[in-house]
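Chain letters run A, B, ... following the sequence lines, proteins first, then strands; residues in each count from 1.
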Number of protein chains: 2
Amino acid sequence: MTRADSPLSPTDKPRRGRPRGAPDASEARQKLIRAGLEHLTEKGYSSVGVDEILKAAGVPKGSFYHHFKGKADFGLALVAAYNTYFVDLLDRAFLDEARAPLDRLRAFTETAEEGMARHGFRRGCLVGNLGQEMGALPDDFRAALTGVLEDWQARTARLLRAAQAQGELGPHHDPDALAETFWIGWEGAVLRAKLELRPGPLRRFAGTFFRLIES
Amino acid sequence: MTRADSPLSPTDKPRRGRPRGAPDASEARQKLIRAGLEHLTEKGYSSVGVDEILKAAGVPKGSFYHHFKGKADFGLALVAAYNTYFVDLLDRAFLDEARAPLDRLRAFTETAEEGMARHGFRRGCLVGNLGQEMGALPDDFRAALTGVLEDWQARTARLLRAAQAQGELGPHHDPDALAETFWIGWEGAVLRAKLELRPGPLRRFAGTFFRLIES
DNA sequence: GATTTATTAGACGAATCGGTCTAATAATAA
DNA sequence: TTATTATTAGACCGATTCGTCTAATAAATC
């Protein structure tokens with residue numbers, strides 16, 4: 001064994017020719033994801049054409065079908081990208097030890113409202129949008145979307161348990177049930193805010209939610 | 001004035017030729033509305049084509065464009081039809097004097113769940129569906145959809161006030177805010193139930209909602 | 001250099017989109 | 001019957017849908 005193997009390649013297949021770039025690093029791919037998120041959070045999956053995204057991203061069709069198997073595959077990639085973005089947003093609020101747990105949840109709702117305001121309440125939640133369109137989507141989306149929501153809920157339940165531990169939330173509450181109800185309602189509020197183009201529904205839902213669980 | 005005027009015609013224009021049928025009675029129109037509701041509650045507006053509805057209704061294209069100005073006009077007619085159907089459903093539950101007011105709201109959620117179960121949780125709420133698609137819809141839809149939701153909310157607030165009058169609901173609650181929160185959450189629950197193809201979200205939301213306001 | 005593979009580039013195609021159009025048929029008044 | 005209007009019937013149209021295909025270019029190894 002005189003020659004050293006490529007140190008990072010897991011399989012010993014001797015690769016030749018131009019190497020694959022890091023699977024996500026491709027500039028074209030990133031531009032497509034970004035443009036896709038902007039368009040799909042606003043208009044959903046069915047009413048946005050591939051060509052529309054290509055034009056917005058400034059990327060030719062060849063690249064799109066090189067990086068993605070098709071529109072559905074692209075959609076699933078968007079869900080994954082949206083989830084990592086969103087989980088980061090959640091963590092930033094939920095893990096802020098400077099605040100009391102319940103206050104962190106409230107802080108999230110405020111940050112989310114600012115996010116919607118930044119786009120004139122025209123962009124909603126990708127997961128909510130696609131969930132509503134599920135009847136017209138390939139079936140893989142179902143597991144992907146529910147998985148994402150369950151993840152968000154689990155993080156929220158954890159937060160609510162911390163609130164209970166600190167006596168901020170009554171011990172008679174069920175954190176899991178409460179977390180699920182929160183996300184059910186929050187998705188509804190985002191939908192409604194997008195419909196009315198104003199923050200009212202977000203505030204109204206968060207307001208009554210917190211008032212009810214704190215009494 | 002020897003000759004009697006047509007007793008029902010409001011304007012005195014002497015109409016000749018084949019008379020217009022009652023604007024809603026047309027069989028073709030009814031079939032289109034029914035097929036449209038079935039398809040749009042399941043798959044939304046953007047992903048359902050006019051041809052698909054024609055085929056399901058067994059009605060030729062000429063009829064469609066005779067009765068409706070276009071797809072958007074048809075969509076608005078569907079919203080109106082859905083609203084009258086839904087308001088009837090609401091009234092049947094909300095005006096049932098045999099039950100206590102809050103119990104009538106609970107009865108509605110149960111009836112609604114049965115309705116969704118009847119279609120395997122594949123059909124959602126037309127208003128929620130179109131609301132989510134608002135970014136891709138003609139702007140007339142916004143007022144139509146918000147109007148419908150406000151109507152449902154007003155009926156619910158009335159019911160909640162009755163609950164307060166009977167001491168079933170604490171006087172510190174704001175019926176209007178509570179009604180809005182209910183519908184925000186309920187739409188979210190319907191969306192989620194459709195995504196998961198099961199009644200869990202409906203029950204979970206209704207359960208925590210009633211538990212919270214009754215404590 | 002030659003070779004091999006990754007990626008870009010966009011013309012092209014079959015299918016479907018919403019919508020128009022003309023002709024036929026139905027139902028009534030005159 | 002004749003005239004007039006409502007309604008049905010579906011062929012047809014231009015635009016857009018998602019996806020394929022071939023050729024060119026880039027980046028690496030040998």
Separation of D:dT17 atom P from A:Lys71 atom NZ, nearest Å, is 9 Å
### Message
If you apply the rule side chain to side chain donor-acceptor pair (under 3.5 Å), what do you find for A:Lys194 with A:Asn129, and how did you get there?
### Response
CA-CA 11 Å; A:Lys194 200 176 54 170; A:Asn129 284 4; 2.9 Å; yes
Should the pair A:Glu180-B:Arg204 be classified as a salt bridge under the 4.0 Å nitrogen-to-oxygen rule?
yes
Here the distance between atom P of C:dA26 and atom CD of B:Glu27, to the nearest Å, is 14 Å
From CD1 of B:Ile53 across to P of C:dC17 the rounded distance in Å is 10 Å
With the side chain defined as heavy atoms from C-beta on, B:Lys61 is closest, among C:dT8, D:dT8, C:dT20, to C:dT20
Between CG of B:Leu32 and C1' of D:dA9 the distance, given in whole Å, is 14 Å
Side-chain atoms of A:His67 come closest, of D:dC18, D:dT8, C:dT8, to C:dT8
query: Any chance CZ of B:Arg161 has more than 12 other-residue heavy atoms, nucleotides or ligands included, within less than 6.0 Å?
result: yes
In whole angstroms, the gap separating P of D:dT17 from CD of A:Glu52 amounts to 7 Å
A:Lys69 NZ to D:dC18 P, in whole Å, measures 18 Å
From NE2 of B:His66 across to C1' of C:dC21 the rounded distance in Å is 15 Å
**Q.** Side-chain donor-acceptor pair present, A:Ser46, B:Ser46, cut-off under 3.5 Å
**A.** no
Between B:Arg92 and B:Asp88, does any NZ, NE, NH1 or NH2 come within less than 4.0 Å of an OD or OE carboxylate oxygen?
yes
Tell me what B:Gly70 touches on the nucleic acid: a base, only sugar-phosphate, or nothing, going by heavy atoms under 4.0 Å. sugar-phosphate
With a cut-off of less than 4.0 Å, is there a side-chain N or O of A:Ser63 near OP1 or OP2 of C:dT8?
yes
note: B:Leu54, atom CG; C:dC17, atom P; distance rounded to Å ~ 10 Å
By nearest-heavy-atom nucleotide on DNA chain D, the more 5' of B:Pro60 and A:Asp51 is B:Pro60
When all nucleic acid strands are considered with a 4.0 Å heavy-atom cut-off, which category describes B:Gly62: base, sugar-phosphate, or nothing?
base
